[in-house]
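In what follows, a single structure is set out as structure tokens and then discussed.
The chains referred to below are lettered A, B, ... by the order of the sequence lines, with proteins before strands, and numbering in each begins at 1. Model, not experiment: these values are computed from the prediction.
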2 protein chains.
Amino acid sequence: MVNSRKRSTSRDVAEQAGVSRTTVSFVLNDVRHANISDDTRQRVRRAAAELGYVPHAAARALAGGKSGTLGLLVRPLKMLPVDAFLHQLLHSLMEVCLERGYRLLVETASSSSPPETYVQMVRAKQIDGLVVLGVYEEDPGLTALIESGYPVVLVGHHPSPESRMVSSADEDGIARSTAHLIGLGHRRLAFIHYAPLGDLGEELRLRVFARALERADILYLPGLVMGGDFSAASGYEAMRRILAAGQPPTALVAGNDTIAIGAMAAIREAGYCIPGDIAVVGYDDIPTARFAAPPLTTMRVPAHAMGRACGEMAIAMIRGEPEAMR
Amino acid sequence: MVNSRKRSTSRDVAEQAGVSRTTVSFVLNDVRHANISDDTRQRVRRAAAELGYVPHAAARALAGGKSGTLGLLVRPLKMLPVDAFLHQLLHSLMEVCLERGYRLLVETASSSSPPETYVQMVRAKQIDGLVVLGVYEEDPGLTALIESGYPVVLVGHHPSPESRMVSSADEDGIARSTAHLIGLGHRRLAFIHYAPLGDLGEELRLRVFARALERADILYLPGLVMGGDFSAASGYEAMRRILAAGQPPTALVAGNDTIAIGAMAAIREAGYCIPGDIAVVGYDDIPTARFAAPPLTTMRVPAHAMGRACGEMAIAMIRGEPEAMR
DNA sequence: ATGAAAGCGCTAACAT
DNA sequence: ATGTTAGCGCTTTCAT
């Protein structure tokens, strides 16, 4: 029931219920140490409902020092429309926010904009915590943030040991994919990894792939290793280069499913069969993977669980709960 | 240069620059009618920089009455990870926000949560305007919002004539796809449309498809028409049902590319060739469409332009600019 | 069990 | 050209 056209404030509710604004605040926020009689409680609740009262977010944030908002930093911006993992993450993060009464603010940094936009938002106290997904370039701003004790959750890897992070276990996935293919008898393995720009994880991933080969006494062939970004187009291009370079591999480890789909197109185009001539293993388990032709074999990443974990962890850190420190 | 550990406020800047907080506000907000001397300007700017001053978002919003934040309502939540159009939209919307100094708050409504969460956010003044993408069920809350004059931009269709909307021209796309296939000589056309729940656009889209058939004197066969949601899985299922029902179509109009990809998998699985036995036309131009096997023919939707238009329109409405009224 | 009062940090009308 | 002052709507300590 909304009575008037104008926003009603806590003062209006207080008047209507015949109590003070303090009491309204106590009741509506379920304040522990305030012993409010059940009767008063009811009156306040009803008055609020009748007036359609919704607390002013900014006022509450200002007075309370908390914005009730979580930031998701996606970097770079270009990643937004093409990275399937991000979409899954966004979904589960949103889910957690919904459950816990948080808002989700999406932020990004593009090369054109000042890279510290998100730092500004932190300093403006617009968000209470930050989940970071993207390429881990050297970023002093982020490092400083983490070291200052600000609630930051990283998906994947970052050099800071201080960081709380939800590991995407990329390395493990690569190791398993590679081992899987080797187990199938493959000896000429290509690797198109997910490594745009100065991603700090690149070297590590390459090493993991190399080590997997090494363990099986397989020679590492640099010509069969390429870096893509997070798009299908990059997978397509990388695979074309690999195929153009000489004797084709018999199997491909793709950094993510989107890359795999692009690479598969290049393989078919070159007249090879999948998996007859070249086997492909993807990574991420994007929803359309099983509808690819042929259905893409992929290393499942528990994206949903990871997204939820990020959200829960960030919120726990914000609230200073001990579990955050595990 | 950050001097102290603590957040500095406009008061600190004022002191350091030897002016009042008003002047600080005027300078930092480039207030028109305040004639501030160039000298003072410089002093204030320098002081702010030295102190690493960033205005408190909530305080500013409270005092100024504007949050500087745009809301994107995605409904239902399940749509988030699977709808490619949404991802494109998110990207371009983010782009516009970045350029215009706005923030983007992602909201959603799931069946489990009270459906008016986003209305709360509006009433809490947490966002200045709203872009809505999703299924247009009957939604009194949204209708009321629009009628109240609140800045709402709708993508697609909505019954309210008052609405400002960026048309996704779904109908036009369906008409064109259908006409295209008919032009190719097809007479047995299937249609898997994008119509979950009580989407208000469903009827319209069906009518458009039916009319296109009619114009070519082709009989409308209900058994060849199915509704999917926005996922590849739904396209797969729908196509299976169509194929199981009897004589297969020679062509398929898919409501979006994701549905098309799922449907294509079902077609291949049933042993038919694409496009030899059954031609498929998708809709949306998702990035991986050209990497499908065979490359998916798709009606291009200017998703990027549409997203930008949404953002620009919403911001124009917020600012009360006349162009918003075109 | 409830209320009074003092901010939170900023903006903007109104002086000067 | 700059400062004074009064809010914006809420939370929260301290009294009662």
From CG of A:Asp38 across to C1' of C:dT2 the rounded distance in Å is 15 Å
Under 3.5 Å, which donor-acceptor pairs link side chains of residues 51-63 of chain B to any protein atom two or more places apart or in another chain?
residue : atom : partner : partner atom : Å
B:His56 : ND1  : B:Ala58 : N            : 3.1
B:His56 : ND1  : B:Ala59 : N            : 3.3
B:Arg60 : NH1  : B:Asn29 : OD1          : 3.3

Whole-Å distance, B:Leu62 CG to C:dG7 P, equals 17 Å
For A:Gln126, the side chain to side chain donor-acceptor pair (under 3.5 Å) test, sequence neighbours excluded, returns B:Arg103
Contacts satisfying side chain to side chain donor-acceptor pair (under 3.5 Å) that involve residues 63-74 of chain A (not counting sequence neighbours) are A:Ser67-A:Asp128
note: B:Gln126, atom CD; D:dG9, atom P; distance rounded to Å ~ 16 Å
The side chain to side chain donor-acceptor pair (under 3.5 Å) partners of A:Thr40 (sequence neighbours excluded) come to A:Ser37
Side chain to side chain donor-acceptor pair (under 3.5 Å) filter on A:Gln88, not counting sequence neighbours, yields none
From NZ of B:Lys66 across to P of D:dG9 the rounded distance in Å is 13 Å
Taken to the nearest whole Å, CG/B:Asp30 to C1'/C:dT11 is 15 Å
B/S/- along nucleotides 10-16 of chain D (protein heavy atoms under 4.0 Å) is BSBB---
N/O donor to acceptor pairs below 3.5 angstrom from side-chain atoms of residues 77-84 of chain B, sequence neighbours left out:
residue : atom : partner  : partner atom : Å
B:Asp83 : OD1  : B:Tyr194 : OH           : 2.9
B:Asp83 : OD2  : B:Phe85  : N            : 3.1
B:Asp83 : OD2  : B:Leu86  : N            : 2.7

Output row for DNA chain D, stems defined as at least 3 consecutive Watson-Crick or G-U pairs under 3.5 Å, is C:1-16 with D:1-16
So salt bridge (Lys or Arg N to Asp or Glu O under 4.0 Å) across residues 86-95 of chain A, not counting sequence neighbours, yields A:Glu95-A:Arg308
**Asked** Should A:Glu312 and A:Arg100 count as an ion pair when the cut-off is N to O under 4.0 Å?
**Response** yes
